[in-house]
Amino acid sequence: MKRILKFVLVAFLALGLVACSNQETPDEPQGDETACKIKVGLVTDVGGIDDKSFNQSSWEGLQRFADEVGDTEHKCISYLQSNTDADYVPNLSQYGDEEYDLIVAVGFKFDAAIADVAPNYPNSKFLVIDTSSDLDNVRSALFAAEQGSFLVGVAAGLKAKENGSNAVGFVGGEESDLIKAFQAGYEQGVLAVNPDATIYVDYTNSFVDETVGQNMAAKQYDQGVTVIYQAAGNSGNGVIKEAKERGDVWAIGVDKDQYEDGMKDDGTSVVLTSMVKRVDNATYSTAMNLYNGEFSAEVKTYALADEGVSAELTSGRNLTDEQIATIEEYAQKVLDGEIEVSATATIANGSHN
């Protein structure tokens, strides 16, 4: 009996070994971190990844990069959202600790955080949007926001002249030199085509509070304003919301084409045009540069000349072909140096010219 049991046991083990040898070896994971040529992490400011503005646009640039290099499941890119300014350093440091190859910081408020964190991770590269750094592992992306804002100012001035109000508005987020540049270009564009226009200016002191943005817009519309340009992140979405509720006034989008965000139930949009700021191109090109071994630490300014900023001028929307032609003429004057757009605003918060 013992000999029979021993034979059965040996046979069983032999069958098990054969079965194991016939199992397919699992494929190596495709597209996960072990297969990434580079890993890219993006840290938002407090506006969040779906702000319909520059955080979202920055992320879309990285998604485009991932698609082009074959990471179609986007396993080699990720983002961390910052709920408060205090999250900037920990979020950047987390990606540094995880040895990400490129770390993107979206917004001028990362100025101090980049200065604190980047030197601690010399093997990682950084991209910071809307502020500059001279560190040797940091690329800075700046934008001539005043130039794009000048063009949407021309659009606002033309529309206010057309409807006879001659009253336009600007709603900014937190007061800073950066947002003042948006205001400055807008002022100059409005007055270039409508010197009799009155321009109202208010700041929400927030990039996240949609309600305060809507309240600021309501105040300006009640004062007779018919077009408002907003440069206030999520707060600015409140401007578009107020315009939609009124239905007979205009809002101007910022950073990306916000025409769809202004869509009403009848299929028309309250977004007259948008100042498009191509932060997506900045994140895309920087990631691609690093991927190809061509990263350089530099301060790069994206302007009208290289399509870094522009106005959304799709025919058949809310601008007439004649108005579009006029805006394009002014754009050419800026490109030719005939018009130099200043980044210095002249109208104080809470007042008008």
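Nothing here was measured: the structure is a model prediction, and the numbers come from that model. Numbering of residues begins at 1 and proceeds along the displayed sequence.
The local environment of CG in Asp336 is crowded, with over 12 non-hydrogen atoms from other residues, nucleotides or ligands closer than 6.0 Å. Atom CD of Glu340 has 12 or fewer heavy atoms from other residues, nucleotides or ligands within 6.0 Å. Within a 6.0 Å radius of NZ in Lys241, other residues, nucleotides and ligands contribute 12 heavy atoms or fewer. Heavy atoms from other residues, nucleotides or ligands lying under 6.0 Å from CG of Asn205 number more than 12. Environment of CD in Glu307: sparse, with no more than 12 heavy atoms of neighbouring residues, nucleotides or ligands closer than 6.0 Å.
Aromatic rings from Tyr229 and Phe170 are positioned such that their centres are separated by under 6.0 Å.
Between Val190 and Tyr186 there is a side-chain heavy-atom pair separated by less than 4.5 Å. Proximity of Lys277 to Met275: side-chain heavy atoms (C-beta onward) are separated by under 4.5 Å at one or more points. In this structure, Thr273 and Ile327 have side chains that are not in contact, with every pair of non-hydrogen atoms separated by 4.5 Å or more. At a threshold of 4.5 Å between non-hydrogen side-chain atoms, the residues Asn234 and Phe207 do not count as touching. Residues Gln230 and Met216 fail the side-chain proximity criterion, which asks for heavy atoms closer than 4.5 Å.
Classification of the Trp59-Tyr79 ring pair by plane angle, with boundaries at 30° and 60°, yields perpendicular. Aromatic ring pairs are classed by plane angle as parallel below 30°, tilted from 30° to 60° and perpendicular above 60°; the pair Phe143 and Tyr302 is parallel.
Rounded to the nearest 0.5 Å, atoms CD1 (Ile199) and OG (Ser351) are 11.0 Å apart. In this structure, OG on Ser57 lies 14.5 Å from NZ on Lys52, to the nearest 0.5 angstrom. For the atom pair Leu42 CG and Leu80 CG, the distance stands at 8.5 Å (nearest 0.5 Å). To the nearest 0.5 Å, atoms CZ (Arg64) and CE (Met288) are separated by 8.5 Å. The distance from atom CD1 of Ile347 to atom CD of Glu187, rounded to the nearest 0.5 Å, is 4.0 Å. Taking CD of Gln147 as the reference point, atom OG of Ser310 lies at 11.0 Å (rounded to 0.5 Å).
Put simply, the side chain of Asp71 gets close to the backbone of Cys76: a donor and an acceptor are under 3.5 Å apart. Side chain of Gln183 to backbone of Ile179: no donor-acceptor contact under 3.5 angstrom is found. Although no hydrogens or angles enter the test, the distance criterion places a donor-acceptor pair under 3.5 Å between the side chain of Asn349 and the main chain of Tyr203. The backbone N or O of Ser206 sits less than 3.5 Å from a side-chain atom of Ser235, completing a donor-acceptor pair.
In this structure, Thr131 and Ser140 approach most closely via the heavy-atom pair O-CB, 3.3 Å. When all heavy atoms of Thr44 and Phe110 are compared, the closest pair comes out as O-CZ, 3.3 Å. Nearest approach of Gly41 to Tyr100, heavy atoms of both residues: N-CD2, 3.3 Å. Of all non-hydrogen atoms in Ser132 and Leu142, the two that sit nearest each other are N-CD2, 4.2 Å. Across all non-hydrogen atoms, the minimal contact from Ile252 to Ala156 is CD1-CB, 3.9 Å.
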List the steps and the verdict of salt bridge (charged side-chain N to carboxylate O under 4.0 Å, His left out) for Lys125 and Asp101.
-> CA-CA 6 Å; Lys125 307 301 182 185; Asp101 301 283; over 6 Å; no
Please walk me through it: do Trp250 and Asn318 pass side chain to side chain contact (heavy atoms under 4.5 Å, CB included)?
-> CA-CA 9 Å; Trp250 303 104; Asn318 293 322; 3.3 Å; yes
For Val138 and Val128, run side chain to side chain contact (heavy atoms under 4.5 Å, CB included): C-alpha distance rounded to whole Å, both residues' side-chain angles, the deciding distance at 0.1 Å, then the answer.
-> CA-CA 7 Å; Val138 180; Val128 61; 3.9 Å; yes
When you look at Ile228 and Val168, which way does the side chain to side chain contact (heavy atoms under 4.5 Å, CB included) test go after all the steps?
-> CA-CA 6 Å; Ile228 297 176; Val168 303; over 6 Å; no
Could you walk me through whether Glu99 and Asn123 pass the side-chain hydrogen bond (donor to acceptor under 3.5 Å, both in side chains) test, one step at a time?
-> CA-CA 8 Å; Glu99 299 182 346; Asn123 294 326; over 6 Å; no
Side chain to side chain contact (heavy atoms under 4.5 Å, CB included) between Phe126 and Arg139, intermediate numbers included = CA-CA 6 Å; Phe126 292 79; Arg139 176 178 291 184; over 6 Å; no
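Residues Lys333 and Glu329 are not paired through a salt bridge, judged by the lack of any N-O separation under 4.0 Å between the basic side chain and the carboxylate. A salt bridge links Lys75 and Glu73; the closest N-O separation between the charged side-chain nitrogens and carboxylate oxygens is under 4.0 Å. The pair Lys256-Glu60 meets the salt-bridge criterion, since a charged nitrogen lies less than 4.0 angstrom from a carboxylate oxygen. Salt bridge annotation for Arg278-Asp280: present, with a cationic side-chain nitrogen under 4.0 angstrom from a carboxylate oxygen. The pair Lys219-Asp202 meets the salt-bridge criterion, since a charged nitrogen lies less than 4.0 angstrom from a carboxylate oxygen.
Because its NZ or CZ atom is both nearer than 6.0 Å to the ring centre of Tyr259 and within 45° of the ring axis, Arg317 counts as a cation-pi partner of that residue. Under the 6.0 Å distance and 45° angle rule, Lys37 counts as a cation-pi partner of Tyr291.
Side-chain heavy atoms closer than 4.5 Å link hydrophobic residues (I, L, V, M, F, W, Y) into clusters, and following such links, even through other members, never connects Val276 to Tyr330.
Thr226 and Ser165 share a side-chain donor-acceptor pair at under 3.5 Å.
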